Every structure is written in C-alpha cells, then in structure tokens.
2 protein chains.
Amino acid sequence: MRKVTLQDLAEQLGVARSTVSRALRDDLQISAPTRAKVRRLADESGYHPNAAARALTHRSSGVIGLVLPRSARFVFANPYFSDLLDGVASVAEPAGFPLLLSASRRPDYARWLQEARVDGLIALGSSLSNHELEVLERLVKQGSAVALIGAPAHSTSLRVVTCDEHPGIDQACEHLARTGHTRVALVAGPARAPYAQARARAWREALAHHGLTLDKVVHGDDTFEGGAEAARALRDRGDQASAWLFGNDLMAFGALRALDEAEFRAPEDVAIIGFDDVMPAALLGLSTVHQPSHELGAEAMTSVVAQLRGTVHTDGRYVTHFVPRRTSAAFLTSGGVGG
Amino acid sequence: MRKVTLQDLAEQLGVARSTVSRALRDDLQISAPTRAKVRRLADESGYHPNAAARALTHRSSGVIGLVLPRSARFVFANPYFSDLLDGVASVAEPAGFPLLLSASRRPDYARWLQEARVDGLIALGSSLSNHELEVLERLVKQGSAVALIGAPAHSTSLRVVTCDEHPGIDQACEHLARTGHTRVALVAGPARAPYAQARARAWREALAHHGLTLDKVVHGDDTFEGGAEAARALRDRGDQASAWLFGNDLMAFGALRALDEAEFRAPEDVAIIGFDDVMPAALLGLSTVHQPSHELGAEAMTSVVAQLRGTVHTDGRYVTHFVPRRTSAAFLTSGGVGG
DNA sequence: TTGTAAGCGTTATCAA
DNA sequence: TTGATAACGCTTACAA
C-alpha cells in the first residue's frame, strides 16, 4: 500500500495536480465546491504532503539543527545541556520548527546546512575552530541562519549569545572575602579550552580584586568523575586553600562525593563553589554562579527564527549572579536540601 | 551565490549528471581518471548533495523521530528524559541517524512518518491513545519503523521496550519490612494515567505481600513542585505512615525540599523512596527503584534501526532493582552525598 | 565506460 | 477558475 500522493488525488478527482495543491492550501482562486471536494478526499484517503518534495521546491526544510560538540553520554550527563535544550525547544516548538539533534565528538557543523537538511543551526561557540566559523559565516551570507551559544575562540560576525560571567564571579569572590577566606584553589575546565581559560582569567582577576590568593589551579575535564579526582588531588596535597572553585557544577558534584567518601565536609572543612546552577545544585545546597542557561538557549533559537523570518530581534543581554548556599557558608540557614 | 548542484558539476566537466552522481559514489563502472576529476571539482566547489532531493528519490530521509509527550519545560526538568535521550542518541549517532526531536503537550505522533519526514519513530507508550496506536501500526505495515518506550494502555503489535517494575518494587518493600516499617503512603503519578495506575497496583501487591499497610494514596503530577505539595499534604494530616513512596524521583526531590523547609528529616522522621534512579538521586542519597533508562532508550533505537535495516535483533529484557540509600535507612552508612 | 531519460512529489508560472 | 508544464536536485534503468 503505497503512500497517497497529490497525483493520486488529482487522478481520482479528474483534476490537475496544481488544482489539488492549491485547494489544499485554501487558495481563493479555487471554487468553494472544488476545494471542499479535494479537502474531503484528502482527509478520507489520509493524504499528507511529502516533506522532502516540499523542501525541494521551497528550498527550505523548516528544520533547525542543534549540534552539541561531545558524545551523547557527556552531553546528557550534564544538566546544563538539558537546560539549554529546554530553552531552545521551548522556542522552537511554538514557532513550528522541529529540531534536528546531534551529539558527537567531532561534529561537522556545516554539513547539515550545506545539504540543506536544516535552515538554521545552533551550536556551542566554544567548540568551533576558526575555519568552521568561516564556513558558517559564508553559509549565513547565502541565507542560512546561525546562532552560537557562548563565545568562540576567534571573533566572528555570527550571532553569538553570551552571558557575562564577571558579575557572578565577582559576587562569589566578595562573598568568600567577607566570610573570612583568604586562599582558594580553582578546578578549571580543560586546560586547552579557550572558554575555560577565559573563565579562569575572570576568577583570577576577581580574586585579586578582593584580596584573595589563588593557591593552586588544576584542570578537570568538566565531568563528575573529573571533579572527584581533582578534589582527591587537592585534598591529598594537604591544601592550604579553604575554598575550592569549580569550572562547572558537575565537577563540584563529583568533588562533594569524593569529599563525602573521605569524611571531609563542605563547608566545615572546605567551601565549595560551582558554576552553572543546574537543578541538582539547589537540591544539594551547592553554592554556585548562576548562568541563565534556559534563557541562552531560548535566545539562540529566537535569533535563528528572526534571521529566517527576516524580522528584527534586539539581542538580549545576560549576566551571571552568585547564589550562596550551604556549601560555602556554614552559618547560612539553608539546610541540606536548601534553596 | 547559489548552492552548487550535481548539474553544475556535470556542465563544468562536460559530462552527464549521472556520471557525476556515480563517480561521487565511487561506482566502479566509472573510470578512475573520471572519478578523480569529478571528486576534485566536487571538493573544490564545495559540493554537497541536497538532502531533500536524495530523500525524494530514495524514499527515505535517514532520520529518526523522537517525540516526547509533554512540554519542553516538563520533559527537560526531569533527568529521566535526559537518560532516555542519552540512550537513544548513543545508538543513533554511530548508526548515522540524526534525531528529529519534538516535545509538545499534544503531539501528532504519526505526522512525521506520514510526511516521510522520518523513517522511524520512538515515542513513549504511556502517552498513546488506542487510535494513535492503530495509525502507527498501519504505518509500520507500510514500512515505517516504530518503537515505544513503556507499555501503552492498549495492547499493540508495535515493538514495546519495557522494564519489569516488580523486582525493584518488591525489593523496596522487603527492605521496608525488614527495617521495621508497617504503614506507608504512596504518592503516585497522575490518577488517570494508566502507567501510574499500573505502578500503583504493583506497589499495592508488593506491600501486601510483605505485610505492609498502604495507609494513604495521593496523586502527584510527576513534577518537583507536585511532589513538594504532596509531601506537605501528607505531613499536615499527621500521617501515620513511616515511609512515603513516590511515583518518580522528581516528586521525591520535591518532597525532600518540602520536608527540609518544615524541619522534617528523612529518614529520621520519615523514610522516602523514589522511582527512576536519576543522577541526582545518588547525589542526594535518595533511596529509589532503579530503572535502566539509558538502556531502554538505546534498546528502542536499536530496534528501530534493526527494523529499518531488516536485520534481526533479539529484544533485550530489562528489570528494575531497589537501591537503598540514606533516605530510607538511618543506620546505613552512606552519607549525604552517598552512593 | 558514459549518456539519455524517466521519475521521486510538490510548487509555481504561464496560458487557457 | 482550472490545466499544462517546467522546475527543484538527485538516482537509476536502459541505451549506446
């Protein structure tokens, strides 16, 4: 039983394909009775226009791609990506754009656009090489819509949706200084990743500004286990630091777990501060720098839609802020599952 | 600057489109020099085959749809879905199938298949009406591939990937009985949802089997806030139950938060048991019934791929098991961030 | 070894 | 108001 096509309807009704096509689009040029007839047969026979054929003639697929730069395992283990995805999807859905999703270690960012599989693309800026940026820029000139979440290592004319990490970091440092800390350690993201370097720099500056000493910097791989390892390493060297800062919440979670296994306590033995403020952070009482992940995702999608529709959209500006919770201040009232 | 097509290459080389098409597919019929020539020009000119055109002639898109039955907000707030998605993506990616994603309150399950936008579909069985099942069954007969995660309310010939919830539930009840509990309360999922009813029934039976009394059943909406509300309600009525069971971890998290705000403690004041065993459960020390969400997602995708490729795949069988942690046993050694 | 031509299912431009 | 007809970009018999 083949799928029913426009042709089939036309033949059964003894009219031209174009008539059917128009009738189904409620073209006013088509007489009411004809439209009704066509519509009825279409419903009865379960006709549905073929997406590929449509895309071919329209030169657009109506799909937006979302490509994530790491394995599915890595990506979905981190609630940060869920939040981003949530933001993206919450705009894509009502706008009528399905999302094509890819999570791969070495993604070919441009391909879906080049194959006209998607009309627009959302990617994480931090993972894009200079060459990839250039290719995407060229595609945008040809009509594709692209938005990056997070700044890429090189400057670009692409729409970049970012969030100023300084306010939150500054507030965190102020908080530490105020609560008597003087020496801290930083568990940054991957040493060679520009975004991790930038964030580390922000910490350095803010720490200095508040008179805090950065005792030690180690690099984690942004995973739970990486955070646990870093924590063990810091603990084993009998660290002087009274507070540990983490490149993301996931590593901070790993650290909490490692501390727990070693009968170490936060904040009694060491203060712990994360970055992202994903949902479990609130549950665990993790002090962290809040990033508006949902909004970033939504903004990226909104921008892509605006680019495609040719409508104007004034870019939103986003900032981080520090959320003090249990792991950074013993004297704060919030408990284990505190807000 | 229009996108370069097969036609363009053919003209520039003075050969036929078909020759180019074959050469690019390394067709052995084409002479080596011609193949090289074609390949070179294709690379230089940045040629990429148009996905829609390909789909049209191949009558297949090479895409698998994943449709989730609730809003993006709801879906991505629950780490359970991340785990599913992770499983699905981790099979889809290496198999070369991009995922088309939709999260909507009232999804039209069949449409993507009917439009030939996707070759296969993964959906949550629990959300499908009888009518929707029938439509999907018909589409499968016509060559579509479908796999459901979780059993639908009505029986179906579709491939259903499930997980036996009884073992874990039984183990949980045994654990409760052994640790001295006699009366428990259940915060089930939505009252009218068949899957929630089935799970409640499983609890009832296992509780009876272990001589435990089900004191009270309330229904939550499977959200964090819903769990918190349920917990407040149970607490306010001065409940007799010494243990509360939850339809999913997310509600249990909400309950923990609500308890915390009321200076109530788990497990000292009441034991808490969740369902799913999402990542934060381990971090929070939540006792829960483990569900192999990742594996369920992977199995569904594997099944879809097998259906499409026409290869055989013997369906995996999955079971739950109980994971005792801090919230159900004060005397267990695991701490706050315990395993 | 390569070319011709038909077809995939729609849409859009002309005419009629 | 409707009908031919030519795209859209690629694949695949069938010829040559």
Side-chain angles (χ1 to χ4, degrees), chain A residues 1-39 41-42 45-62 111-119 142-143, chain B residues 1-39 41-42 45-62 111-119 142-143:
Chain A
M1 199 164 82
R2 233 181 69 270
K3 229 162 234 170
V4 41
T5 73
L6 213 53
Q7 178 82 273
D8 300 334
L9 300 187
E11 279 170 10
Q12 279 180 54
L13 291 169
V15 300
R17 291 203 300 281
S18 48
T19 303
V20 178
S21 176
R22 289 176 183 126
L24 290 177
R25 241 99 49 53
D26 281 323
D27 190 320
L28 300 167
Q29 311 242 267
I30 302 294
S31 73
T34 310
R35 269 186 293 170
K37 242 184 7 185
V38 170
R39 171 59 46 114
L41 181 59
S45 59
Y47 167 76
H48 288 267
N50 181 292
R54 259 177 127 106
L56 196 54
T57 63
H58 280 147
R59 287 120 192 277
S60 101
S61 62
R111 208 177 64 201
W112 283 352
L113 285 173
Q114 290 164 332
E115 293 173 339
R117 205 182 266 283
V118 299
D119 296 341
Q142 291 172 39
Chain B
M1 199 168 78
R2 232 181 73 269
K3 228 161 236 172
V4 44
T5 73
L6 213 54
Q7 178 82 271
D8 301 334
L9 299 187
E11 280 170 8
Q12 280 181 53
L13 290 169
V15 301
R17 290 203 301 281
S18 50
T19 303
V20 178
S21 175
R22 289 177 184 125
L24 289 177
R25 240 97 50 53
D26 280 322
D27 191 319
L28 300 167
Q29 312 245 263
I30 303 294
S31 72
T34 312
R35 270 186 291 171
K37 246 187 0 191
V38 170
R39 171 59 46 112
L41 181 59
S45 60
Y47 168 76
H48 288 267
N50 180 291
R54 260 179 126 103
L56 198 53
T57 63
H58 281 146
R59 305 186 151 86
S60 101
S61 63
R111 209 177 64 202
W112 282 352
L113 285 173
Q114 290 164 331
E115 294 173 339
R117 203 182 268 282
V118 300
D119 297 341
Q142 292 171 38

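Remember, it's a predicted structure, so these values are computed and weren't measured experimentally. Here is the naming used below: chain letters follow the sequence lines, and residue numbers restart at 1 for every chain.
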**Message:** Can you identify which nucleotide, out of dT1(D), dG3(C), dT1(C), has its nearest atom closest to the Ser31(A) side chain?
**Reply:** dT1(D)

**Fill in**
For Arg117(B) and Ser61(B) the tightest heavy-atom approach is O-OG, 3.0 Å

**Message:** Show the nearest heavy-atom pair for residues Val4(B) and Tyr47(B), with the distance to one decimal.
**Reply:** O-CD1, 3.4 Å

**Prompt:** Bend across the helix from dT1(C)-dA16(D) to dA16(C)-dT1(D), to 10°, with axes taken over 5 pairs at each end?
**Reply:** 40°

**Request:** Could you check how far CG of Leu24(B) sits from P of dT2(C), rounded to whole Å?
**Result:** 13 Å

**Message:** Determine whether a donor-acceptor pair (N or O, by modelled atom type, separation under 3.5 Å) exists between the side chain of Thr19(B) and the backbone of Val15(B).
**Reply:** no

**Request:** For Glu11(A) and dA4(D), give me the distance from atom CD to atom P, rounded to whole Å.
**Result:** 12 Å

**Item:** For atom CD of Gln114(A) and atom P of dG9(D), their distance in whole Å
**Value:** 16 Å

**Asked** What's the CZ-P distance between Arg17(A) and dG3(D), to the nearest Å?
**Response** 12 Å

**Asked** Rounded to the Å, how far apart are Gln29(B) CD and dG3(C) C1'?
**Response** 13 Å

**Asked** So which heavy atom on Ile30(B) is nearest to which on Arg22(B), and how close?
**Response** CG1-CB, 3.7 Å

**Asked** Do the side chain of Asp119(A) and the main chain of Gly62(A) share a donor and acceptor less than 3.5 angstrom apart?
**Response** yes

**Asked** Would one find a side-chain N or O of Thr19(A) under 4.0 angstrom from OP1 or OP2 of dT2(D)?
**Response** no

Could you run down the sub-3.5 Å N/O contacts of the protein with nucleotides 13-16 of chain D?
unit_1	atom_1	unit_2	atom_2	d
dA13(D)	N6	Arg22(B)	NH2	2.6

**Prompt:** Are any of Ser21(B)'s side-chain N or O atoms less than 4.0 Å away from OP1 or OP2 of dC10(D)?
**Reply:** no

**Closest heavy-atom pair and its distance - Ser21(A), Leu6(A)** = CB-CD2, 3.8 Å

**Prompt:** Which of the following nucleotides, dG9(D), dT10(C), dT1(D), is nearest to the side chain of Ala53(A)?
**Reply:** dT10(C)

**Request:** Salt-bridge test for Arg35(A) and Asp27(A): reply yes if a basic N is under 4.0 Å from a carboxylate O, no otherwise.
**Result:** no

**Item:** Non-hydrogen atoms of Leu56(A) and Ala52(B) that approach each other most closely
**Value:** N-CB, 4.0 Å

**Asked** Arg54(B) has a side chain; which of dC10(D), dT10(C), dG3(C) sits nearest to it?
**Response** dC10(D)

**Leu56(B) CG - dC8(C) C1' separation (whole Å)** = 4 Å

**Request:** Look at all strands and tell whether Arg59(A) reaches a base, only sugar-phosphate, or nothing, counting heavy atoms closer than 4.0 Å.
**Result:** sugar-phosphate

**Complete:** Thr34(B) has its side chain closest, among dG9(D), dT1(C), dT11(D), to dT1(C)

